[in-house]
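A quick write-up on the structure given underneath.
Every value quoted in this text rests on a predicted model; they were computed, and no experiment measured them. Heavy-atom basis, side chains included; hydrogens, waters and symmetry copies ignored.
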Amino acid sequence: MNSDFFMQKAIELSIKNINNNGGPFGCVIVKNNKIISEGVNGVTQNNDPTAHAEIVAIRNACTELNTFDLSGCEMYTSCEPCPMCLSAIYWSHIDIVYYGNSRENAAEIEFDDKFIYDEIKKDISARKIPLKRILKDEAIKAFNLWAQTENKTKY
């Protein structure tokens, strides 16, 4: 099977999800030329703002493979990943992402991530949602303990 086959599956999932009252996003994750997981946007059905198709597919792939490291996997998603999904893709170590619609196409139907991309570039003090650092001396204790732990699993 080739890339077009897997992308077509992601697109089919996105269309099917619209017909099931979900968002217009679908995703598959492939390893060794085999689909190991699927995901569709479940934000409104699950009342979960993190239930984007890519995140759902990553969670399902990690469960299927019993690992948090998806090295050796490819992602096919109906739309260019948003900043949250892109971060999860990096954390999961997926090798490559193929996408159909662009972020500009998404903005045209009112899924606009430009605000988030712009916020990330800003100094922390200039962002719309305030980030206030508190109890830093207490919080660092966990990081110090982690740094000293010899049998930790790095990720």
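Separation of atoms CZ (Arg133) and CD1 (Ile124) is listed at 9.5 Å; rounding is to 0.5 Å. Atom CG of Asp4 and atom NZ of Lys9 lie 15.5 Å apart (nearest 0.5 Å). Atoms SG and CD1, on Cys79 and Ile11 in that order, are 11.0 Å from each other to the nearest 0.5 Å. If you take CZ on Arg127 and NZ on Lys121, they are separated by 12.5 Å, rounding to the nearest 0.5 Å. Between atom CD of residue Gln8 and atom OG of residue Ser3 there is a gap of 13.0 Å, rounded to the nearest 0.5 Å. Atom-to-atom distance recorded for Met84:CE and His52:NE2 is 3.5 Å, nearest 0.5 angstrom.
Judged purely by distance below 3.5 Å, without hydrogens or angles, the side chains of Arg59 and Thr50 pair a donor atom with an acceptor atom. With no hydrogens or angles considered, no side-chain donor-acceptor pair links Asp69 and Thr67 at under 3.5 Å. Between the side chains of Thr63 and Asn60, no donor-acceptor pair of N or O atoms lies under 3.5 Å. Side-chain contact of Glu54 with Thr77: a donor-acceptor pair under 3.5 Å is present, judged by distance alone.
Residues Ile89 and Met75 meet the side-chain proximity criterion, which asks for heavy atoms closer than 4.5 Å. The closest side-chain heavy-atom distance from Leu65 to Cys73 is below 4.5 Å. Within the 4.5 Å cutoff, the side chain of Gln45 has no heavy atoms near those of the Val40 side chain. Pro83 has its side chain within reach of Asp113: a pair of non-hydrogen atoms, C-beta onward, lies under 4.5 Å apart. Val97 has its side chain within reach of Pro81: a pair of non-hydrogen atoms, C-beta onward, lies under 4.5 Å apart. In this structure, Ser78 and Leu13 have side chains that are not in contact, with every pair of non-hydrogen atoms separated by 4.5 Å or more. The shortest side-chain heavy-atom distance between Phe68 and Ser92 does not fall under the 4.5 Å cut-off.
Atom NZ of Lys152 has more than 12 heavy atoms from other residues, nucleotides or ligands within 6.0 Å. Counted within 6.0 Å of CG on Asn66, heavy atoms from surrounding residues, nucleotides or ligands total 12 or fewer; the atom is thus considered open. Shown here is Phe115, whose CZ atom has more than 12 heavy atoms of other residues, nucleotides or ligands within 6.0 Å.
Residue Ile109 is found in a hydrophobic cluster whose other members, listed by chain and number, are Phe25, Phe111; membership requires side-chain heavy atoms under 4.5 Å apart, directly or through intermediates.
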(request) Any chance you could lay out the side-chain contact (heavy atoms from CB on, under 4.5 Å) test for Ile58 and Leu70, step after step, and finish with the verdict? (result) CA-CA 8 Å; Ile58 288 170; Leu70 298 180; 4.1 Å; yes
(request) Test Tyr76 against Ile29 for side-chain contact (heavy atoms from CB on, under 4.5 Å), laying out the working first. (result) CA-CA 6 Å; Tyr76 296 82; Ile29 296 180; over 6 Å; no
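Considering all non-hydrogen atoms of both residues, Ala61 and Ile36 come closest at CB-CD1, 3.9 Å. The two atoms that bring Cys27 and Ala57 nearest to each other are SG-CB, 3.7 Å, heavy atoms only. When all heavy atoms of Phe6 and Val28 are compared, the closest pair comes out as O-CG2, 3.6 Å.
When atom types are taken as modelled, the side chain of Asp48 and the backbone of Val43 share no donor-acceptor pair closer than 3.5 angstrom. With hydrogens and angles ignored, the 3.5 Å screen pairs a side-chain donor or acceptor of Asn17 with a backbone N or O of Asn41.
Taking a cutoff of 4.0 Å between a charged side-chain nitrogen and a carboxylate oxygen, Glu80 and Arg103 qualify as a salt bridge. The residues Asp118 and Lys122 are annotated as not salt-bridged, no charged nitrogen and carboxylate oxygen being separated by less than 4.0 angstrom. Of the charged side-chain nitrogens involved, none lies within less than 4.0 Å of a carboxylate oxygen, so that Glu74 and Lys31 do not count as a salt-bridged pair.
Between Tyr155 and Trp146, the ring planes are perpendicular. Angles over 60° get that label, and only those under 30° would be called parallel.
Cluster membership for Phe5 and Ile96, using ILVMFWY side-chain heavy atoms within less than 4.5 angstrom, is shared.
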